[in-house]
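Structure first, then comments.
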Amino acid sequence: MTDTQAHREQVHERVLSWYAAHGRDLPWRRPEATPWGIYVSEIMAQQTPIARILGPWLTWLKRWPNPAALAADPPAEAIRAWDRLGYPRRALNLHAAATAMVRDHDGEVPADLDQLRALPGVGEYTAAAVGSFAFGIPAPVVDTNVRRVLARIALGEAQAAPSLTKAERDLAAAWMPADPDDANRWNVASMELGALVCTARTPGCGVCPVADLCVWRVAGSPAYDGPRRPHQGYAGTDREVRGAIMAIVREADAAVPAAAFTDVAAADRIERAVAGLVADGLLRLSEQGYDLPR
DNA sequence: AATACGTGGTC
DNA sequence: TGACCAAGTAT
């Protein structure tokens, strides 16, 4: 068994069948989901477990059912609603993207890869995901799940390299089914397989539909020997201080004086974090103190 | 290419 | 218990 066209087609068939039977019924996957709903789900899902975004997604879509609704409110509301989802710049980006959709795209999510990619907070992955899931554009969707699935099934490696390489993009493109509908299904299905079965920690090879077609599995699941991802600490970093400051400002009814931050960390760290947040547009300095952008 | 960017759960 | 991980993006 090697990485031949016939091998790929067999994998496609099995994974698509598996997905039809075992894929999760996520709200943004339902037929009634709008491109905007799918767009919001993709931004929320960036570096964030799906289980954590379910509630926030429902609340967000009810409050802002389309781009115009969000654009009509100030960014502060988006940042507050984002609450503790993490990386609050995503909330700011979502608001800015909604504004751009109203201004440049008749209030709609653009059905074009380049136009999607031009939106703030939309990179290669998100453009492809929204293109494929919302508009049926069969672009390769290469997220952390797909990268791991392909690393194992096609390359026989336990995990993907620390960062996305051109070789991986080419591999993902080569693995796309020729039929556009199948290609779009493969995008979700291979992601889902990575999320539910072919997981990072303890892969469920015992229930995997392609265990016997997986180069890694057949080779005896050898341990990863490539470069490790650099460790991303949190305690003691500026990110921690930024997070604490944003939490204070989010929960305040009015602008807060800098003195409200003094318990968060040492003065120099607070100063650096606040400067960064202001530079990022997440915080605004008025005469009354710091508050969220309006 | 490497690094910054939140937050919470898991083993 | 601390490192690892989670549908990445921007610089």
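A, B, ... follow the sequence lines: proteins, then strands. Residue 1 opens every chain.
OP1 and OP2 of dT9(C) both lie 4.0 Å or more from every side-chain N or O belonging to Arg89(A). The side chain of Gln46(A) contributes no N or O atom lying less than 4.0 Å from OP1 or OP2 of dG8(C). Proximity of Arg148(A) to the phosphate of dA6(C): a side-chain N or O atom is located under 4.0 Å from OP1 or OP2. Between dT9(C) and Tyr125(A), no contact under 4.0 Å exists linking OP1 or OP2 to a side-chain N or O. Using a 4.0 Å cut-off, no side-chain N or O of Arg84(A) falls inside it from OP1 or OP2 of dG6(B). The shortest distance between the side-chain N/O atoms of Arg117(A) and the OP1/OP2 oxygens of dA10(C) is below 4.0 Å. Proximity of Thr199(A) to the phosphate of dC5(C): no side-chain N or O atom is located under 4.0 Å from OP1 or OP2.
Whole-Å rounding puts the Glu240(A) CD to dG2(C) C1' distance at 14 Å. Atom CD of Gln47(A) and atom C1' of dG8(C) are 5 Å apart (whole Å). To the nearest angstrom, C1' of dA6(C) lies 9 Å from CG of Asn145(A). Leu119(A) has its CG atom 10 Å from the P atom of dA10(C), to the nearest Å. Protein atom CG of Leu283(A) is 12 Å distant from nucleotide atom P of dG6(B), rounded to whole Å.
Following chains of ILVMFWY side-chain contacts shorter than 4.5 Å, one can reach Leu196(A) starting from Leu150(A), so the two form part of one hydrophobic cluster. No chain of hydrophobic side-chain contacts below 4.5 Å, direct or via other Ile, Leu, Val, Met, Phe, Trp or Tyr residues, connects Leu94(A) to Leu282(A).
Closest to the side chain of Tyr87(A), from the set dT7(B), dA6(C), dG6(B), is dG6(B).
Across all strands shown, Val122(A) has heavy atoms under 4.0 Å from sugar-phosphate atoms exclusively, and none from any base. Using a 4.0 Å heavy-atom cutoff across all strands shown, Leu26(A) reaches at least one base atom of the nucleic acid. Heavy atoms of Leu85(A) sit under 4.0 angstrom from at least one base atom. Trp28(A) comes within 4.0 angstrom of a nucleotide base, judged by non-hydrogen atoms across all strands. Within 4.0 Å (heavy atoms only), Asp238(A) reaches sugar-phosphate atoms of the nucleic acid but no base atom. Counting non-hydrogen atoms under 4.0 angstrom, Ala129(A) reaches nothing in the nucleic acid.
Taking the P atoms as reference points, dG6(B) lies 27 Å from dT1(C), given to the whole Å. dT9(C) sits 22 Å from dG8(B) when the P atoms are compared, rounded to a whole Å. Rounded to the nearest Å, the gap between the P atom of dA7(C) and that of dA4(B) is 23 Å.
For the pair Pro230(A) and Asp83(A), nearest-nucleotide mapping onto DNA chain B gives the more 5' position to Pro230(A).
With respect to Asp112(A) and Arg117(A), no salt bridge is recorded, no charged nitrogen being found less than 4.0 Å from a carboxylate O. Salt-bridge formation is not detected for the pair Arg80(A)/Asp73(A): no Lys NZ or Arg NE/NH1/NH2 atom is positioned less than 4.0 Å from an Asp or Glu carboxylate oxygen.
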Point to revise | Residues Trp36(A), Trp64(A); criterion ring-ring contact (aromatic ring centres under 6.0 Å, His included); working and verdict | key: CA-CA 10 Å; Trp36(A) 171 243; Trp64(A) 296 301; 8.9 Å; no

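Taking each heavy atom of Gly37(A) and Trp28(A) in turn, the nearest pair found is O-CB, 4.3 Å.
Under 3.5 Å, the side chain of Thr48(A) and the base of dG6(B) form at least one donor-acceptor pair of N or O atoms. With hydrogens and angles ignored, no donor-acceptor pair under 3.5 angstrom links the side chain of Arg90(A) to the base of dT9(C). A donor-acceptor contact under 3.5 Å is not formed by the side chain of Arg242(A) with the base of dC5(B).
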